[in-house]
Amino acid sequence: MRLVLVMAVGVFMAVSASAQEETLLDTEIESGGFGAPVVKLTQINDEVGILAGVRGGWIINRRLSIGAGGYGLANSIDAGVTTPDTLELEFGYGGLELEFIGFSDRLFHYTFTALIGGGSVSFRDTEGNESDIKSDAFFVAEPTANVVLNVTSFFRIALGAGYRLVWDVDTPGLTQEELGGPTATLTFKFGQF
């Protein structure tokens, strides 16, 4: 009888230990992270602009990433401002980036990214000297939809399309429409996904 009782208690404990408790909120958090060089093609002041930058983030439960990114103009763009010198734009922005990740374990999957932050625009002459025209800060928001390819367990390539919204621009000769515009993004993600 004791042997049967001991066995019954052992079986009960084994079944209880293997059963997962149901709760309203999942308290176990799976965590990862990534860093990524980024190249963006965009329109700035009615010209094609190339933006180079980096982004990174903390990945939570393979569904959400919280991080930051920063991007700067890598090619020359005419400022469109009339002065004795020919002026070019200096343009950059960055901020908080939130990313929703869908089906990250599949070879191809998708993400939606939203950047919210600020930036700055200033002018320089063709020799790299700062202009007398004051620089200006602005607010920026940039939603992007991406298709992601899982190359290896630690490397992913993403192609995205988005739109940069810019406001609070107070620069002579430039409007928020000339600094905002569509973006095509290429991202190389390295990390633990």
Does the pair T113 and N146 meet the rule for a side chain to side chain donor-acceptor pair (under 3.5 Å), with working shown?
-> CA-CA 8 Å; T113 307; N146 303 284; 3.2 Å; yes
Could you walk me through whether F100 and T111 pass side chain to side chain contact (heavy atoms under 4.5 Å, CB included), step by step?
-> CA-CA 5 Å; F100 171 77; T111 66; over 6 Å; no
Can W58 and S31 be said to form a side chain to side chain contact (heavy atoms under 4.5 Å, CB included), step by step?
-> CA-CA 7 Å; W58 171 42; S31 191; 2.4 Å; yes
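Both F103 and F112 belong to a common hydrophobic cluster when Ile, Leu, Val, Met, Phe, Trp and Tyr are linked at side-chain heavy-atom distances under 4.5 angstrom. Linking Ile, Leu, Val, Met, Phe, Trp and Tyr residues whenever their side-chain heavy atoms come within less than 4.5 Å places F108 and V151 in a single cluster. Residues F123 and Y93 fall within the same hydrophobic cluster, defined by Ile, Leu, Val, Met, Phe, Trp and Tyr side chains chained together at heavy-atom separations under 4.5 Å. L89 and F139 fall into different hydrophobic clusters, defined by Ile, Leu, Val, Met, Phe, Trp and Tyr side-chain heavy atoms under 4.5 Å apart, directly or through other members.
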Would you be so kind as to tabulate the donor-acceptor pairs closer than 3.5 Å made by side chains of residues 158-168, with sequence neighbours excluded?
unit_1	atom_1	unit_2	atom_2	d
R164	NE	L179	O	2.9
R164	NH1	T42	OG1	3.0
R164	NH2	T42	OG1	3.2
R164	NH2	Q43	O	3.3
R164	NH2	L179	O	2.8

May I have the list of side-chain donor-acceptor pairs in residues 63-72 shorter than 3.5 Å, sequence neighbours left out?
unit_1	atom_1	unit_2	atom_2	d
R63	NH1	I101	O	3.3
Y71	OH	E97	OE2	2.7

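Judged purely by atom type and a 3.5 angstrom limit, N61 uses its side chain to pair as donor or acceptor with the backbone of E30. Of the possible polar contacts, one joining the N45 side chain to the D78 backbone as a donor-acceptor pair under 3.5 Å is found. A donor-acceptor pair under 3.5 Å is formed between the side chain of N150 and the backbone N or O of S104.
Sorted by first and then second residue, the ring-ring contact (aromatic ring centres under 6.0 Å, His included) pairs involving residues 141-162 (not counting sequence neighbours) are F155-F190. Applying the salt bridge (Lys or Arg N to Asp or Glu O under 4.0 Å) rule to pairs touching residues 44-54 yields nothing, sequence neighbours excluded. Within the structure, the salt bridge (Lys or Arg N to Asp or Glu O under 4.0 Å) test picks out no pair touching residues 153-163 (sequence neighbours left out). For residues 178-193, the pairs satisfying salt bridge (Lys or Arg N to Asp or Glu O under 4.0 Å) are E99-K189, with sequence neighbours left out.
Between V121 and F138, the shortest heavy-atom contact is N-CE2, 3.9 Å.
Aromatic ring centroids of F188 and F34 lie 6.0 Å or more apart.
For the side chain to side chain contact (heavy atoms under 4.5 Å, CB included) test with V38, the passing option among L51, V54, L186, T187 is T187; the others fail.
Two residues are said to be in side-chain contact when any heavy atoms from C-beta on lie closer than 4.5 Å; L107 and L149 meet this criterion. With contacts defined as side-chain heavy-atom distances shorter than 4.5 Å, the pair R62/D105 qualifies.
To the nearest 0.5 Å, atom OG of residue S120 and atom CZ of residue F91 are 9.0 Å apart. In this structure, CD1 in I50 is found 10.0 Å from OG in S76, a value given to the nearest 0.5 Å. Rounded to the nearest 0.5 angstrom, E88 CD and R124 CZ are separated by 5.0 Å.
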